[in-house]
Structures are given as structure tokens and as C-alpha cells.
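Input: one structure, supplied below.
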Amino acid sequence: MHIANGIAAIGLACAFAGSVWSSPTQAVVAGQEGGPAADATLMVLNARGGVCTGIVLSTRTILTAAHCAAGGAELRVHWREGGEPVLIAPASVAMHPEFEAGAIRSRRRTIDLALIRLSTPLPGRFSAASLVDGSLPRAGSSVTLAGYGVSREGEARSTGTYRSAVLATVEPYGPGRILLWAADSTGGGKRPGAGACQGDSGGPIFGADGIVAVTSWSTGPSGRQCGLLSQGVLVAPQRGWIDSTLSQWGESARWTRSR
């Protein structure tokens, strides 16, 4: 479904993008406009008002966070073309088999990834992202988190612009093989700084050679959701699921080895 202008476009854009704050999805606070691989990202909206970021893997497939697509909510892949909104309904959605929606609250293991297949190819201005298959980022190494989320927590109007922030990898609970944790290097996860927030879920976390993780969650000080730690699902350990799912759709991802 391609709606780029007229009353129908306005209605759908409002229905899918009008109530960002009502969704638990996570955007880049204290970041800067722009960032790496902007042409390999777009937005994923749901009918409950949720906003997420998506990563282009091929002309017809997108990687995002599973909680963005959970609960049977109607989805649209969104970008702007010539200033007008484009909203595309997915042909199919594949959730990671080890995703569990309530796992974070109950402190259980979950893999928060989903793949979206489109029925029509994306425009030529989009390019496929490079995912990193290799050694995991070490504590203290720099990563760049990017997404279309809010620049100020709780301010829905600040969503929709691609922003990024350079963070430092941290290991608050010891080394992991599923999750990457990152924080503003000046605050170290103890004091507020840059990080993911509403709308950034599903967005890329870049290492030196490409995307190493997909943003899934964040924490903030004094009951807030953003500004301390940002969490992402590492893509290298999930390569088998990503590749096998894409293969069933006749698609493939671009992988690179870390140096």
C-alpha cells in the first residue's frame, strides 16, 4: 500500500504517527542530527501510535525490534518522498522465536528482533546496511547509536529526525553474548547523558565496521526512561536466524567481518 498524498495520507499518518508517547517503544536524546547509514534506515509505525526505527537489509526486507511489531498491531513502514508521507503495509513479519514480550519486566532472557518483508521494493535511494559478524565489542570501545526517536524525552513532536550519539560500551552485569550495553562516556551510565529514547527501538548501533546491534531498551534516572544506559541485541549471534528467515523470502543480508 503506497499512500503519498491527499486526505487518505493525512489520516493514516495521523493514525500511525500521532501518539508517539503512548507506546513503550524506545530515540536519541542529547544526540546530533544525522548519523551513519541514514540511507539504510526508515521508520516503523503501528496503529497504537508507536514509533520505531527500522534497518534496511535489502530492497524488500527490514530489521527492527520485535516489541515494535508485537501484540498484533497493524504496522506501516514509513518515510517521506518529496516532502510527502509514504506508508507501506508489510507483506509479512517474522518474530524471533526466542522473543518474549514480558521478559524485561520479569528479568527473563529474550531476543528482541523482528524481520519485515515488503511486497514492493524500496526506492533506489535506500541502500542495504552492513551487519557485523565477528568478535563482540569490548568494554570501553566506542559505538554510535542512531534512530528516529525523540530528542527530548516525552516530547512527541521531537521525533521523526534521524539522530545519532557516540557512546561507550559498558558491561554492567558482566560480558554478554546476547546484549550490548552502552552509555554516554562522560556519565558512564551513572549520570544522565546521550542515549536511546522513545522511537529508537529497532535502530542501528554501529561499531567500527558496521551494525553490531539493534536498539531494544533504555533506562533513565529518577523514574525516567532515557539518558543512562542503552541496550541493543547483538546481531552476530543471531546470524543463523536472520539468514534463514531471509532465505525463505528469497532475500539475503550483507555481512562483514570485524577487524
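For the numbers below, each heavy atom of this structure counts, side chains included, while hydrogens, waters and symmetry mates do not.
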#### Entry: Shortest non-hydrogen contact between Gly232 and Ile205, atoms and distance
CA-CD1, 3.9 Å
### Residue pair Cys52 / Met43, side-chain heavy-atom distance below 4.5 Å
no
### Query
CG/Asp184 to CG/Leu145 distance, rounded to the nearest 0.5 angstrom?
11.5 Å
### Distance, nearest 0.5 Å, that separates CG of Leu179 from CG of Asp112
9.5 Å
#### Entry: Pair Thr161, Tyr148: side-chain N/O donor-acceptor within cut-off below 3.5 Å
no
### Query
How long is the span from the CD atom in Gln198 to the OG atom in Ser218, to the nearest 0.5 Å?
6.5 Å
### Query
Heavy atoms, side chains only, cut-off 4.5 Å: are Leu57 and Leu131 in contact?
yes
### Message
Contact between Leu234 and Ile178 at the side-chain level, heavy atoms closer than 4.5 Å - yes or no?
### Response
no
### Task
Any chance you could measure Leu229, atom CG, to Lys190, atom NZ, to the nearest 0.5 Å?
8.0 Å
### Task
Using the rule that two of Ile, Leu, Val, Met, Phe, Trp, Tyr join whenever any of their side-chain heavy atoms come within less than 4.5 Å, decide whether Val143 and Leu228 are in one cluster.
no
### Query
Less than 4.5 Å apart, any side-chain heavy atom of Asp133 and any of Arg239?
yes
### Message
I want to check something: taking the side chain as every heavy atom from C-beta on, are Phe99 and Ile111 in contact at a cut-off of under 4.5 Å?
### Response
no
### Task
Would you please say whether a donor-acceptor pair under 3.5 Å links the side chains of Ser216 and His67?
no
### Query
So which heavy atom on Arg80 is nearest to which on Pro85, and how close?
NH2-CD, 3.8 Å
### pair Val56-Leu42: side-chain heavy atoms closer than 4.5 Å
yes
### Task
Indicate the atoms forming the closest heavy-atom contact of Thr169 with Pro137, along with that distance.
OG1-CB, 4.0 Å
### Task
Please answer whether the main-chain N or O of Gly34 pairs with a side-chain N or O of Ser164 as donor and acceptor at a distance below 3.5 Å.
yes
### Summary
All heavy atoms of Leu75 vs all of Cys68, minimum pair found to be CD2-O, 3.6 Å
### Query
Could you state the interatomic distance from CG (Leu118) to CH2 (Trp249), rounded to the nearest 0.5 Å?
9.0 Å
### Query
Can you tell me if Thr245 uses its side chain to pair, donor with acceptor, with the backbone of Ile242 under 3.5 Å?
no
### Message
If the threshold is 4.0 Å, N to carboxylate O, is there a salt bridge linking Arg48 and Glu74?
### Response
no
### Heavy-atom side-chain proximity of Trp79 to Arg125 below 4.5 angstrom
yes
### Message
Applying a strict under-4.5 Å side-chain criterion to I, L, V, M, F, W and Y, I'd like to know whether Val166 and Tyr162 cluster together.
### Response
no
### Task
State the OG-CG distance between Ser230 and Leu167, to the nearest 0.5 angstrom.
5.5 Å
### Query
Would a distance-only check, ignoring hydrogens and angles, find a side-chain to backbone donor-acceptor pair under 3.5 Å from Thr159 to Ala156?
no
### Query
Going by the angle between their ring planes, with limits at 30° and 60°, are Trp241 and His96 parallel, tilted or perpendicular?
tilted
### Task
Could you tell me whether a side-chain N or O of His78 sits under 3.5 Å from a main-chain N or O of Val86, the two making a donor and an acceptor?
yes
### Query
Should Leu180 and Leu136 be marked as a side chain to side chain contact (heavy atoms under 4.5 Å, CB included) after you check the CA-CA gap, both sets of side-chain angles, and the distance that decides it?
CA-CA 9 Å; Leu180 177 147; Leu136 307 182; over 6 Å; no
Pairs under 3.5 angstrom only: tabulate donor-acceptor contacts from the side chains of residues 58-66 to other protein residues two or more places apart or in another chain.
residue, atom, partner, partner atom, Å
Ser58, OG, Arg60, N, 3.4
Ser58, OG, Thr61, N, 3.3
Ser58, OG, Thr61, OG1, 2.6
Ser58, OG, Glu251, OE1, 2.9
Arg60, NH1, Ser119, O, 2.5
Thr61, OG1, Ser58, N, 3.4
Thr64, OG1, Thr53, O, 2.8

### Query
Same cluster for Val77 and Met95 if Ile/Leu/Val/Met/Phe/Trp/Tyr side chains link at under 4.5 Å?
yes
### Task
State, to 0.1 Å, how close Phe206 and Ala146 come at their nearest heavy-atom pair, and which atoms those are.
CE1-CB, 4.3 Å
### Summary
Scanning both residues in full, the closest heavy-atom pair of Ala129 with Ile55 reads CB-CG2, 3.6 Å
### Query
Which salt bridge (Lys or Arg N to Asp or Glu O under 4.0 Å) pairs, counting each pair once, include a residue from residues 217-233, with sequence neighbours left out?
Glu153-Arg224
### Message
I want to check something: taking the side chain as every heavy atom from C-beta on, are Leu246 and Leu115 in contact at a cut-off of under 4.5 Å?
### Response
yes
### Task
Output every pair passing salt bridge (Lys or Arg N to Asp or Glu O under 4.0 Å) with a member in residues 37-47, not counting sequence neighbours, ordered by first then second residue.
none
### Task
Using modelled atom types only, decide if a donor and an acceptor are shared between the side chain of Arg254 and the backbone of Ala128 within a distance under 3.5 Å.
yes
